[in-house]
Protein chains: 2
Amino acid sequence: MTVATQRVADHLRSAILGGHIAPGERVRQEDIAQQLGASRLPVREALQMLAAEGLVEHEPNKGARVPWLSMHEVDVMYKMREQLEPLALAESMPFLTPGDLLRLDEIQEEIETGVDVESFMSLDREFHLRTYSACGIDQLTNAVTRLWNSTQYYRRAFMQLTGPSRRWVVNAEHRLIIDAVSRRDEVDAGRFLAGHIRRTRIELRRHPEVFAE
Amino acid sequence: MTVATQRVADHLRSAILGGHIAPGERVRQEDIAQQLGASRLPVREALQMLAAEGLVEHEPNKGARVPWLSMHEVDVMYKMREQLEPLALAESMPFLTPGDLLRLDEIQEEIETGVDVESFMSLDREFHLRTYSACGIDQLTNAVTRLWNSTQYYRRAFMQLTGPSRRWVVNAEHRLIIDAVSRRDEVDAGRFLAGHIRRTRIELRRHPEVFAE
DNA sequence: CTGCCATGCATTGGATCCAATTTTCAACCC
DNA sequence: GGGTTGAAAATTGGATCCAATGCATGGCAG
């Protein structure tokens, strides 16, 4: 079961995260199967996984499609991030090596060179998620990753809309977080991280045109 | 796909939550299929869903089994609950009807009659989860429900071990929460709820014999 | 008697096939 | 001309079948 199913699930996940399958769009089993040279069966199993992750919706006899999220839904998901990510960072803190800290710095330096939207999205994602994975608690990292995945489309739409104008705020916040993590100050780190997420949420709310309805 | 798969998934979920399939136990596809009078295919798809929910682990060519959780994992999951459930309650608060509040009171009264472990588990679950579902944000209620599901086995083992001795603490905390919710005081309600979960977590940590290793 | 290897059984992984439902599109009636 | 109804095509749901992998038992050699 697993090998083909896993391949298909990974493919579909990155297709959705990459914006190649947009909200509202239907995912036909046969299409994906041919595209990957597999039968429909692994595709169906992969779709069940993605449905459980919230990346697709499944209606009986109608198939799978990527769901639209309302602004309110995304807003609440950002509030969830605001609660969970400081916890994830605190749980990871004891396991972060000097090498991890160096990598954080590298990522941030690259972000500050003023990369394009796609590169920024990928680097920003790594900046946050790689840090959390050190805690080793799958249930926690999975929950956070799911929140990132489900909201990725709207984050991209927002950034394409606003451009890199307020990128300097992100940089300042990231630097504060890096600094606190380096000092192993989990209270400060959590505070800065929560503030960072909170500010992003508020800014996102200023652009309702990104969402459904 | 969905009707049979959903049936199988629901069946397996309640079998695991009911303790009829314990951690470490293997879930054979053929067994479940015969048990429900279906073919193996819906079973396989249901197992993918449960795997994504964390209720089973899937190893290639070896099949699915219910995973053991370490004390540390459960501890972190309780910390996640401590973060998420106050948020869920706050988001639900505006949508709670007088009827909902009445139901909360009913449940708590029944708990206070001194029911057995199984009834308590079910009533306690309803007390918490039904409240949150009013918020209407699937991503939030699902996340919380998953945390309850994954830790249910250890909660039951803990209660069977300690008996109803400290049930009065739960009752007092529930009453505080009900009262705050009735007053529509989301700050107090969140505080009491977080404290309730936190105390449970600490007490659970006193019984390492419940966990793996 | 013990440890290793091989053969056979059980279980899972994947593909193909058929039935059921939905969707599309066109003809027809108002 | 627009809306409704019908049938055909497309798509999904479910079952059966075959291959591949893992596990256990038993035989053989040391």
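The basis for the numbers below is simple: all heavy atoms, side chains too, and nothing from hydrogens, waters or symmetry mates. In what follows, every chain begins at residue 1, and chains take the letters A, B, ... in the order their sequences are listed. These numbers come from a predicted model, not from an experiment.
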Q.
Looking at the base of D:dG14, is there any donor atom on it, or on the side chain of A:R44, that sits under 3.5 Å from an acceptor on the other one?
A.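 Indeed there is one.
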Q | Most 5' of B:R40 and A:G63 on DNA chain D, judged by nearest nucleotide | A |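 So the residue in question is A:G63.
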**Q.** Closest-nucleotide ordering on DNA chain D, the 5'-leading residue of B:A38 and B:R26
**A.** B:A38
For atom [atom1] of [X] and atom [atom2] of [N], their distance in whole Å:
X     : N      : atom1 : atom2 : answer
B:H58 : D:dG22 : NE2   : P     : 13 Å
B:Q34 : D:dA15 : CD    : P     : 13 Å
B:L41 : D:dC18 : CG    : C1'   : 15 Å
A:R7  : C:dA15 : CZ    : C1'   : 15 Å
A:R28 : C:dT22 : CZ    : C1'   : 13 Å
A:E30 : D:dA10 : CD    : C1'   : 10 Å
A:E45 : D:dG14 : CD    : P     : 13 Å
A:Q29 : C:dA15 : CD    : P     : 14 Å

Q) Should the heavy atoms of other residues, nucleotides or ligands under 6.0 Å from CZ of A:R205 be counted, would the total exceed 12? A)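 No.
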(Q) How about CZ on B:R199, more than 12 heavy atoms from neighbouring residues, nucleotides or ligands closer than 6.0 Å, or not? (A) yes
Q.
Counting only side-chain nitrogens and oxygens, does B:K62 get under 4.0 Å of the OP1 or OP2 atom of C:dT12?
A. no
Can you identify which nucleotide, out of [options], has its nearest atom closest to the [X] side chain?
X     : options                : value
A:S39 : C:dT11, D:dT11, C:dT16 : C:dT16
B:N61 : C:dG14, D:dG14, D:dT21 : D:dT21
A:V3  : D:dG14, C:dG14, D:dT11 : C:dG14

Q. Heavy atoms under 4.0 Å, any strand shown: does B:V8 hit a base, just sugar-phosphate, or nothing?
A.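 The answer is nothing, as B:V8 stays clear of every strand by at least 4.0 Å.
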Q. Who are the ring-ring contact (aromatic ring centres under 6.0 Å, His included) partners of A:F127, not counting sequence neighbours?
A.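 Partners of A:F127 under the ring-ring contact (aromatic ring centres under 6.0 Å, His included) test: A:H174.
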(Q) Is it the case that the ring center of A:H20 lies less than 6.0 angstrom away from the ring center of A:H11? (A)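 For A:H11 and A:H20, the ring centres are not under 6.0 Å apart.
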Q.
Can a donor-acceptor pair be found, under 3.5 Å and without considering hydrogens, that links the side chain of B:E73 to the backbone of B:S70?
A.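 Looks like yes, one N/O pair under 3.5 Å.
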